[in-house]
Visitor: 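Below is one structure. I have some questions about it.
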Amino acid sequence: DMSALMRRLAPALGSAASLVPAAPLSALPGLQLFSKRNFASSQAPAAAAAASSEYPIVDHTFDAVVVGAGGAGLRAAFGLASSGFKTACITKLFPTRSHTVAAQGGINAALANMTEDDWRWHMYDTIKGSDWLGDQDAIHYMCREAPKAVIELENAGMPFSRTDDGRVYQRAFGGQSLDFGRGGQAYRCCAAADRTGHAMLHTLYGQSLKHDTQFFVEYFALDLIMDDDGACRGVLALCMEDGTLHRFRSAQTILATGGAGRAYFSCTSAHTCTGDGGGMAIRAGLPLEDMEFVQFHPTGIYGAGCLITEGSRGEGGILRNSEGERFMERYAPTAKDLASRDVVSRAMTMEIREGRGVGPEKDHIYLHLNHLPPELLAERLPGISETAAIFAGVDVTKEPIPVLPTVHYNMGGIPTNHLGEVVTVKDGNPDHVVPGLMAAGEAACASVHGANRLGANSLLDIVVFGRACANRVGELMKPGAAQPPLPANAGEASIERLHKLRYANGAIPTAEIRREMQKAMQANAAVYRTSETLAEGKKEMDEIYAKFADVKVSDQGGMAWNMDLVETLELENLLQNALPIMHSAEARKESRGAHAHENFPDRDDVNWMKHSLAWVDPEPKLNATTVDYRPVHSYTLNDKDLFENVKGGEVPFKKMAEVFPEDKTELKLGTYTVPPKKRVY
């Protein structure tokens, strides 16, 4: 009896508790419980009305709904709840299982606890690391807010490692310098040993509970609810425990669903990193931005793919080839092993290509920590010492770790401005704000990372922009503000899609299509790319997406814990993230950041200083992807922040009025950094 089950679950349903009927749900007018006997044929009816009337829906109303309970989602949720907003957090995992828990190295902020520092230096490093594709207004905002965001975490109880005098410990990390690149290595990465993400996630979850965020745990978000004016009005989600559908009406919806690393065969991401927010945006008619820029972390464990933090090199670890050479001295004479990740990954790949790899097949590199004191490894790197022992069979105090560049992070995502609001191109405006919709974290593209993210800027990104979303909601509305009714057909198309996939009776199992996608991505959109591999990858991915129309879902029974159905929904999301990666990469005829194109080895600022945008037709077919572009924000928020009370030598920024004296627009308010021909570390 579904109604009895829902009454039992009423305390967990929050605002839906009052909707649990005393009579059986099937007795309610216009609402029928789904029954398999309604479909004698193996072909499910296609009509939307037929599909939607067969599934029970529970309605909820909140001021704001956050989708995802990683660092970005929880920071947004507790920021909203602590400001008095009735807040729901929908998550397909228990919150502390979100992938933020796996982050190791730390979070960048110019606290100056170890050496002199300045947030403007951090900003310059981030712009340089992005290979000048990052939006400088968003980078300005992130680096300026970083010290405040980290201190807030510390005040909330996050257990950072400490210096002898009790300050937050900061370690060296890749791409971080002092005095605008002139002053040597910066110690800017705030760390909790090598389990910083774990400490952060538990802290944020505790704060979210403290401020009465209502959690909907093990609910799979299906689609955004959009109205005819293009505004987001909420989200439809599937309760995986009992198979009920839940329609959330909200004034603001925040997507914080993480990345799509599982589009690749080998990656550091959890199996749950399936680009769900990107898929939801695509199906709502929105583009994904800069998806061609996929970060390969230099040190994934060879064969297993598990992450070995960049903090291991920050603490003194060294990469060596088969000749025992510290080869990074040749590629990055100043930064050496702490050059930006794209530079280190390409250097390792070149060493392997030229025959200097290690192992029987000379196909990986050694990371040496065995020259460091065992007590330092035990204090600062306990997690990776354990990981190396389990997954590589290595005692890090005595032997090197076998490592290989491994897919780690999506620089691209749902395009947003520096306030966290989702933007799209409309009526010639490349910065049109989508009302009611925000995004933060790896799911979003602010774009603070541009073509390449610096290590420890990801935990900063999720905290700063999760916080920014909450702050922006506070500026836009008051708690409890009245909301208009949902459109009459709200969620109907999503239910039809769910129904169609549930009874998909094609010839190709979900796992087979997923494996084909992952192998095509791994082979054709790797560390180094060529015109030939990208064209082949584009063709293969188009064909694989078309095959999804012939998918077979084996479990056509009940909806409760139907993981075959959920994995098929996740595969659809992955495909709709993978197509923009491949198509945007094939279109970009230059090398920039993580996009290393061997036929076009140089960066081309004249033709390619622009963000890629990719739309995908939600119906699986050939040629479903469209690519367009929007300009990079090469201006900052203002001049004042960047020219007053700055430490160090000459500031490498120019005022917009000096660079563009003929420009009479508001861009004069900002500053502009002129990119050098090539980054040097």
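For reference, positions follow the sequence shown, starting with 1. Note that the structure is predicted; figures quoted are calculated from it, not measured. Heavy atoms only: backbone and side chains are in, while hydrogens, waters and symmetry mates are out.
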Visitor: Using modelled atom types and a 3.5 Å cut-off, is there a donor and acceptor pairing between side-chain atoms of S130 and backbone atoms of I127?
Guide: yes
Visitor: Determine, stepwise, if the pair D276 / F220 fulfils side-chain contact (heavy atoms from CB on, under 4.5 Å).
Guide: CA-CA 9 Å; D276 300 332; F220 188 89; 3.9 Å; yes
Visitor: Heavy-atom distance under 4.5 Å between the side chains of E375 and E379, does that happen here?
Guide: no
Visitor: Check whether any side-chain N or O of R188 sits under 3.5 Å from a backbone N or O of D117 as a donor-acceptor pair, and report yes or no.
Guide: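 No.
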Visitor: Within the 4.5 Å heavy-atom criterion, are V101 and H198 side-chain neighbours or not?
Guide: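 The answer is yes, as the side chains (C-beta and beyond) meet within the 4.5 Å cut-off.
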Visitor: When you look at K92 and T274, which way does the side-chain contact (heavy atoms from CB on, under 4.5 Å) test go after all the steps?
Guide: CA-CA 11 Å; K92 69 178 181 180; T274 53; 3.0 Å; yes
Visitor: Do the ring centers of F216 and H60 come within less than 6.0 Å of each other?
Guide: yes
Visitor: Test side chain to side chain donor-acceptor pair (under 3.5 Å) on S458 and R453 and set out the steps.
Guide: CA-CA 8 Å; S458 57; R453 175 175 69 77; 3.2 Å; yes
Visitor: Residues two or more places apart in sequence or in another chain: which of them pass side-chain contact (heavy atoms from CB on, under 4.5 Å) with R249?
Guide: T61, Q483, L486
Visitor: How long is the span from the CG atom in D290 to the CG atom in L133, to the nearest 0.5 Å?
Guide: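 Taking CG in D290 and CG in L133, the distance rounds to 5.0 Å.
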Visitor: For P415 and P287, which heavy atoms make the closest approach, and how far apart are they?
Guide: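 For P415 and P287, the tightest heavy-atom pair comes out as CD-O, 3.2 Å.
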Visitor: Ignoring hydrogens, what is the shortest heavy-atom contact between D63 and G84? Give both atom names and the distance.
Guide: OD2-O, 4.4 Å
Visitor: Of all residues at least two apart in sequence or in a different chain, which pass the side-chain hydrogen bond (donor to acceptor under 3.5 Å, both in side chains) check with Q207?
Guide: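 If we apply the side-chain hydrogen bond (donor to acceptor under 3.5 Å, both in side chains) test to Q207, skipping adjacent residues, there are no hits.
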Visitor: For D135 and H611: C-alpha separation, side-chain torsions, deciding distance, then whether side chain to side chain donor-acceptor pair (under 3.5 Å) applies.
Guide: CA-CA 10 Å; D135 285 342; H611 294 302; 2.7 Å; yes
Visitor: Do I581 and L288 have side-chain heavy atoms sitting under 4.5 Å apart?
Guide: no
Visitor: Tell me whether D194 contacts the main-chain N or O of I384 through its side chain, where contact means a donor paired with an acceptor under 3.5 Å.
Guide: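 The answer is yes, because a donor-acceptor pair under 3.5 Å joins these two groups.
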Visitor: To the nearest 0.5 Å, how far apart are CE in M114 and CZ in R171?
Guide: 10.0 Å
Visitor: Run L498 and L245 through side-chain contact (heavy atoms from CB on, under 4.5 Å) and show every step you take.
Guide: CA-CA 10 Å; L498 175 71; L245 295 179; 3.7 Å; yes
Visitor: Check side-chain contact (heavy atoms from CB on, under 4.5 Å) between E442 and all other residues, then give those that pass, not counting sequence neighbours.
Guide: Y409, N410
Visitor: Does L565 offer a backbone N or O that forms a donor-acceptor pair with the side chain of N562 under 3.5 Å?
Guide: yes
Visitor: Suppose we screen for side-chain contact (heavy atoms from CB on, under 4.5 Å). Which residues come up paired with T126, at least two apart in sequence or across chains?
Guide: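 T126: side-chain contact (heavy atoms from CB on, under 4.5 Å) contacts with H122, I139, M142, C143, L454, N457.
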Visitor: Run the side-chain contact (heavy atoms from CB on, under 4.5 Å) test against A263 and tell me which residues pass, sequence neighbours left out.
Guide: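 Testing A263 for side-chain contact (heavy atoms from CB on, under 4.5 Å), a comparison that skips the adjacent residues, returns L574, A578.
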Visitor: Looking at every non-hydrogen atom in both residues, tell me the closest pair between R262 and C267 and how far apart they are.
Guide: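 Of all heavy-atom pairs spanning R262 and C267, the closest is NE-SG, 3.5 Å.
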Visitor: side-chain contact (heavy atoms from CB on, under 4.5 Å) between T309 and F173: does it pass, once the steps are laid out?
Guide: CA-CA 10 Å; T309 176; F173 232 66; 4.0 Å; yes
Visitor: Please give me the minimum heavy-atom distance between L111 and C190, naming the atom from each residue.
Guide: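 That would be CD1-SG, 3.6 Å.
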Visitor: Considering only heavy atoms from C-beta outward, does the side chain of C189 approach that of Q176 to under 4.5 Å?
Guide: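 Of all side-chain heavy-atom pairs linking Q176 with C189, none is under 4.5 Å.
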Visitor: For the residue pair Q252 and L437, what are the closest heavy atoms and their distance?
Guide: OE1-N, 4.0 Å
Visitor: With rounding to the nearest 0.5 angstrom, report the CD1 to CE distance, I414 to M291.
Guide: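 Reported to 0.5 Å precision, the distance equals 9.0 Å.
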Visitor: So, does N417 use its side chain to make a donor-acceptor pair with the main chain of L419 at under 3.5 Å?
Guide: yes
Visitor: Under the ring-ring contact (aromatic ring centres under 6.0 Å, His included) definition, can you give me all pairs with a residue in residues 75-112, not counting sequence neighbours?
Guide: F78-H211, F94-Y205
Visitor: Is it true that a side-chain atom of T299 and a backbone atom of I308 form a donor plus acceptor pair closer than 3.5 Å?
Guide: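 Checked: pair present.
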Visitor: For the NZ atom on K478, are there more than 12 heavy atoms of other groups (residues, nucleotides or ligands in this structure) within a distance under 6.0 Å?
Guide: no
Visitor: Could you check whether any side-chain N or O of D223 sits under 3.5 Å from a backbone N or O of S494, counting only pairs where one atom can act as donor and the other as acceptor?
Guide: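 Checking the backbone N and O of S494 against the side chain of D223, no donor-acceptor pair under 3.5 Å is found.
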Visitor: Would you say N108's side chain and G455's backbone share a donor-acceptor pair under 3.5 angstrom?
Guide: yes
Visitor: Have N573 and R283 got a donor and an acceptor in their side chains that come within less than 3.5 Å?
Guide: yes
Visitor: Any chance you could measure I90, atom CD1, to T257, atom OG1, to the nearest 0.5 Å?
Guide: 11.5 Å
Visitor: So which atom in V434 and which in L286 form the shortest heavy-atom distance, rounded to 0.1 Å?
Guide: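 Nearest pair, atom of V434 first, then L286: CG2-CD2, 3.8 Å.
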Visitor: Any side-chain heavy atom of S208 within less than 4.5 Å of one from F215?
Guide: yes
Visitor: Nearest 0.5 Å, please: how far is NE2 in H408 from CD in E310?
Guide: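 One finds 8.5 Å between CD of E310 and NE2 of H408.
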Visitor: Side-chain donor-acceptor pair under 3.5 Å between Q295 and D342, yes or no?
Guide: no
Visitor: Is it true that atom OH of Y187 has more than 12 heavy atoms of other residues, nucleotides or ligands lying nearer than 6.0 Å?
Guide: no
Visitor: Going by heavy atoms in the side chains, are T203 and P159 under 4.5 Å from each other?
Guide: yes
Visitor: Determine whether T253 and M280 make a side-chain contact, defined as any pair of heavy atoms from C-beta on separated by less than 4.5 Å.
Guide: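 Not in contact.
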Visitor: Under 3.5 Å, side chain of T91 to main-chain N/O of P95, donor-acceptor pair present?
Guide: no
Visitor: What do you reckon, is CG of D164 surrounded by more than 12 foreign heavy atoms closer than 6.0 Å?
Guide: no
Visitor: Checking T406 side chain against T268 main chain: does a donor-acceptor pair fall under 3.5 Å?
Guide: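 A pair under 3.5 Å: no.
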Visitor: Is there side-chain contact between L381 and V396, with at least one heavy-atom pair below 4.5 Å?
Guide: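 The answer is no, as the side chains (C-beta and beyond) never meet within the 4.5 Å cut-off.
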Visitor: Within this structure, what is the CG-OG distance for the pair L377 and S385, rounded to the nearest 0.5 Å?
Guide: 5.0 Å
Visitor: Once the angle between the rings of Y219 and F248 is folded into 0 to 90°, is it parallel (under 30°), tilted (30 to 60°) or perpendicular (over 60°)?
Guide: perpendicular
